[in-house]
Structures are given as C-alpha cells and as structure tokens.
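Notes for the one structure printed next.
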Amino acid sequence: MSSEQPILELKGVSKYFGGLTALNNVSMQVHPGEVVALLGDNGAGKSTLIKCVSGVYKPDRGNILFNGENVGNYSPSAIRDLGIETIYQDLALAEQLDVGANVFLGKEKIKRLFGILPVTDDDYMRREAVKVLERLDIHIPSLTQKLVRLSGGQRQAVAIARAIYWDARLVIMDEPTAALGVPEQRKVLALVRSLRDEGIPVIIISHTMADVMEVADRMLVMLRGRMVADIPREKATVDLLVKYIMGAGEMMDENGISIGGYLAGAE
C-alpha cells in the first residue's frame with residue numbers, strides 16, 4: 001500500500017435500511033494515482049458503498065474522508081464540486097444532444113445573440129470538448145453527432161471526458177465495460193490507465209475478472225456488507241478473488257496476509 005496520504009478514506013462506515021444491514025463497519029482507502037477494483041457478488045454492498053461516497057446515501061455510522069475532510073453528510077452536488085465523479089452504468093448522458101453539450105451538461109456555456117438573447121454557445125462547448133478528448137487520446141469523428149449515434153465505447157469516453165473536464169480528483173466507474181465489444185473494452189481500459197497516469201485515482205466496480213486483473217493496483221472484496229479482503233495486484237489471482245467473492249477464502253489484510261478465519265463462517 002502507498003505511503004502517501006489517502007485521497008479517500010472510509011472509517012467504520014455502516015448503513016442500515018430498516019432491519020437490513022447494507023454496510024457493516026466498512027473501512028478502506030484510495031490513494032492518488034491508484035486504480036482500485038471493488039468486487040463482490042450481487043447484494044454484497046458495492047452499490048450502497050458507492051452511493052455513500054457519492055452523497056446519494058448518508059452513512060448511519062462512521063466517517064467518509066476526502067482529502068482529510070469529513071464529507072459523509074454532503075449532498076451529491078457538493079460531492080461533485082469537490083471532484084468526486086461517479087460514472088454509472090447508464091452513463092446519465094443526454095442521447096439527443098451532441099458531444100460538447102454532454103460535456104457541459106448542466107453547466108452549459110451561454111452567449112448573447114445580438115447582445116440580447118441568451119443561447120447556448122455550441123461552438124465553444126465543442127472546442128472545449130475537443131481539447132479534453134485529445135488529452136485522453138479519444139477520437140470521435142464528428143462532435144456534432146447526437147450521442148444516440150455513437151458506439152457504447154464512445155459514449156463511455158464522453159462520460160469520462162466530462163468528468164476530467166470538470167477537474168475530477170477521483171473517478172468511480174460502475175461496470176464500465178459491460179455490454180461493450182472487445183475493441184471498445186480495450187479502449188475503456190486504456191482510458192482508465194490514462195486517468196491513473198494523470199494521478200487521478202479510479203474505483204472500478206466490475207464483474208469481469210480479466211479487466212480487473214489488467215488495470216487494478218488493488219482488489220477490495222465485499223461480502224454481505226463487509227469488506228473482507230484487500231489484495232495487492234501482485235498477490236491476486238482470479239481463483240483467489242472468486243474464493244473471496246463466494247465467501248470461501250481466508251480473511252486477508254491489505255498486505256495479502258491471512259488474518260485468520262474463513263469468510264463463510266466469519267462474523
């Protein structure tokens with residue numbers, strides 16, 4: 001694990017929905033320039049954890065620290081203003097608008113027509129979109145095309161470009177390669193590496209073990225609302241990760257050292 005100060009730190013976070021414990025005393029860290037995979041079966045608590053970090057849910061116990069600041073009670077808009085960008089599987093893009101309009105979605109650039117009428121400055125937004133796409137080595141033939149005409153990988157690239165343009169300091173990606181063809185999967189993984197190279201940490205939620213093994217520096221595994229393993233890339237194998245996901249592996253700390261007990265029977 002990096003000796004740098006973590007950019008994101010969860011300390012003993014719990015979340016309850018009535019009698020259901022969705023998160024049980026979860027602690028984790030993410031450091032600058034690090035790609036962290038968040039793994040677990042359906043219902044393990046991954047989505048709840050991400051929604052707590054992004055401000056959708058408020059933790060019932062514990063603290064969420066971003067650059068040392070407790071942000072557990074911040075609204076989603078305040079979380080985004082801090083630089084935490086979450087790219088959900090549905091991307092939350094406007095498919096009937098072009099690339100520039102999507103990069104500026106909700107923050108449109110306005111100009112005055114004839115010095116009087118307020119209209120969106122489409123040319124400015126497209127020029128700015130080109131800059132951030134080039135920075136990420138993304139090529140989209142026509143920025144005037146509506147998003148509905150772009151491929152899944154290109155739409156994913158637009159969502160990432162939007163996050164970067166607005167100075168994302170942490171990017172959370174929910175199943176970024178789901179439903180993509182192999183060439184587009186490769187491009188999205190290349191974008192994840194580009195973010196890491198720029199020092200922007202990424203949390204990637206994925207069920208695709210090949211993707212995880214290719215880009216993640218650490219693998220965090222959740223089981224029934226608990227964080228049960230923190231495994232560095234050099235100690236990870238697909239078989240080992242599957243054991244944890246299924247609850248059949250020994251509990252392991254961030255150094256890949258067994259701390260006793262088997263997950264299936266540990267409480």
Side-chain angles (χ1 to χ4, degrees), residues 7-8 30 32 47 50-58 64 66-67 69 71-176 187-188 191-192 194-205:
I7 189 169
L8 176 72
V30 178
S47 294
I50 291 307
K51 287 178 179 178
C52 285
V53 173
S54 61
V56 176
Y57 295 152
K58 312 303 178 194
I64 300 174
F66 186 68
N67 280 328
E69 180 179 356
V71 300
N73 289 315
Y74 282 26
S75 68
S77 60
I79 291 291
R80 288 194 68 192
D81 288 343
L82 287 174
I84 300 176
E85 288 281 350
T86 303
I87 302 173
Y88 293 104
Q89 195 169 344
D90 62 6
L91 300 182
L93 299 173
E95 294 196 341
Q96 297 304 317
L97 298 179
D98 66 20
V99 173
N102 271 279
V103 169
F104 281 80
L105 196 62
K107 301 180 180 181
E108 290 78 5
K109 178 71 172 178
I110 302 298
K111 65 179 180 180
R112 296 280 174 176
L113 191 63
F114 308 118
I116 303 173
L117 299 174
V119 296
T120 57
D121 193 340
D122 295 330
D123 290 338
Y124 174 86
M125 292 190 291
R126 287 174 190 142
R127 287 196 303 270
E128 291 298 294
V130 167
K131 291 178 186 177
V132 70
L133 290 171
E134 288 179 346
R135 174 177 161 189
L136 292 170
D137 193 27
I138 299 168
H139 177 65
I140 295 177
S142 173
L143 297 192
T144 61
Q145 282 189 346
K146 294 179 180 179
L147 249 67
V148 70
R149 301 179 65 88
L150 300 183
S151 69
Q154 288 172 327
R155 294 184 204 185
Q156 188 76 244
V158 171
I160 294 171
R162 181 176 66 182
I164 298 307
Y165 184 82
W166 296 106
D167 295 324
R169 300 172 71 187
L170 169 67
V171 176
I172 302 169
M173 304 177 72
D174 184 7
E175 297 287 356
K187 186 60 180 177
V188 170
L191 289 171
V192 172
S194 295
L195 296 176
R196 175 171 55 195
D197 291 345
E198 293 199 15
I200 300 169
V202 179
I203 299 174
I204 180 170
I205 301 172

Using the rule given for side-chain contact (heavy atoms from CB on, under 4.5 Å), can you reason through D137 versus S194, listing the C-alpha separation, both sets of side-chain angles and the distance that settles it, and then say yes or no? CA-CA 9 Å; D137 193 27; S194 295; 5.8 Å; no

Full working for side-chain contact (heavy atoms from CB on, under 4.5 Å) between I110 and V119: CA-CA 6 Å; I110 302 298; V119 296; over 6 Å; no

Audit row: T120, M125, side-chain contact (heavy atoms from CB on, under 4.5 Å) steps and yes/no: CA-CA 9 Å; T120 57; M125 292 190 291; 4.0 Å; yes

Run the side-chain contact (heavy atoms from CB on, under 4.5 Å) check on I200 and L170 step by step: do they pass? CA-CA 6 Å; I200 300 169; L170 169 67; 5.9 Å; no

Passes side-chain hydrogen bond (donor to acceptor under 3.5 Å, both in side chains), Y88 versus S54? Steps please. CA-CA 11 Å; Y88 293 104; S54 61; 3.3 Å; yes

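In this structure, CD1 in I84 is found 6.0 Å from CG in L8, a value given to the nearest 0.5 Å. Between atom OH of residue Y57 and atom NZ of residue K51 there is a gap of 4.0 Å, rounded to the nearest 0.5 Å. Between atom CG of residue L143 and atom CG of residue D123 there is a gap of 11.0 Å, rounded to the nearest 0.5 Å. Distance CD1/I87 to CG/L93: 9.0 Å, rounded to 0.5 Å. For the atom pair CD (E85) and CD1 (I79), the distance works out to 11.0 Å, reported to the nearest 0.5 Å. Of the inter-residue distances, the one linking D122 atom CG with K111 atom NZ reads 7.5 Å to the nearest 0.5 angstrom.
Inter-residue side-chain proximity for M173 and T86 is flagged as unmet; no heavy-atom pair is nearer than 4.5 Å. Contact check for K107 versus W166: side-chain heavy atoms found under the 4.5 Å cut-off. K187 places none of its side-chain heavy atoms less than 4.5 Å from the side chain of Q156. Annotation: side chain of V130 is not in contact with side chain of V99 (no heavy-atom distance under 4.5 Å). Residues P176 and I204 have side chains in contact (heavy-atom distance under 4.5 Å, counting atoms from C-beta outward). By the 4.5 Å heavy-atom criterion applied to side chains, I164 and R135 are counted as neighbours. The closest side-chain heavy-atom distance from L105 to R162 is below 4.5 Å. Between Q96 and L147, the closest side-chain pair of non-hydrogen atoms is not below 4.5 Å.
By the side chain to side chain contact (heavy atoms under 4.5 Å, CB included) test, I116 pairs with no residue at all, sequence neighbours left out.
For I64 against C52, the heavy-atom pair with the smallest separation is CD1-O, 3.6 Å.
Within the 3.5 Å criterion, the main-chain N or O of G100 finds no donor-acceptor partner in the side chain of E128. Remark: the backbone N or O of G152 is not paired with any side-chain donor or acceptor of Q154 at under 3.5 angstrom. At distances below 3.5 Å, not a single donor-acceptor pair connects side-chain atoms of E69 with backbone N or O atoms of F66.
For the side-chain contact (heavy atoms from CB on, under 4.5 Å) with R155, the lone residue among I160, L150, N102, I140 that qualifies is L150. If you run side chain to side chain donor-acceptor pair (under 3.5 Å) between D98 and each of R149, K146, Q145, R126, only R126 comes through.
In this structure, Y165 has its ring center closer than 6.0 angstrom to the ring center of F104.
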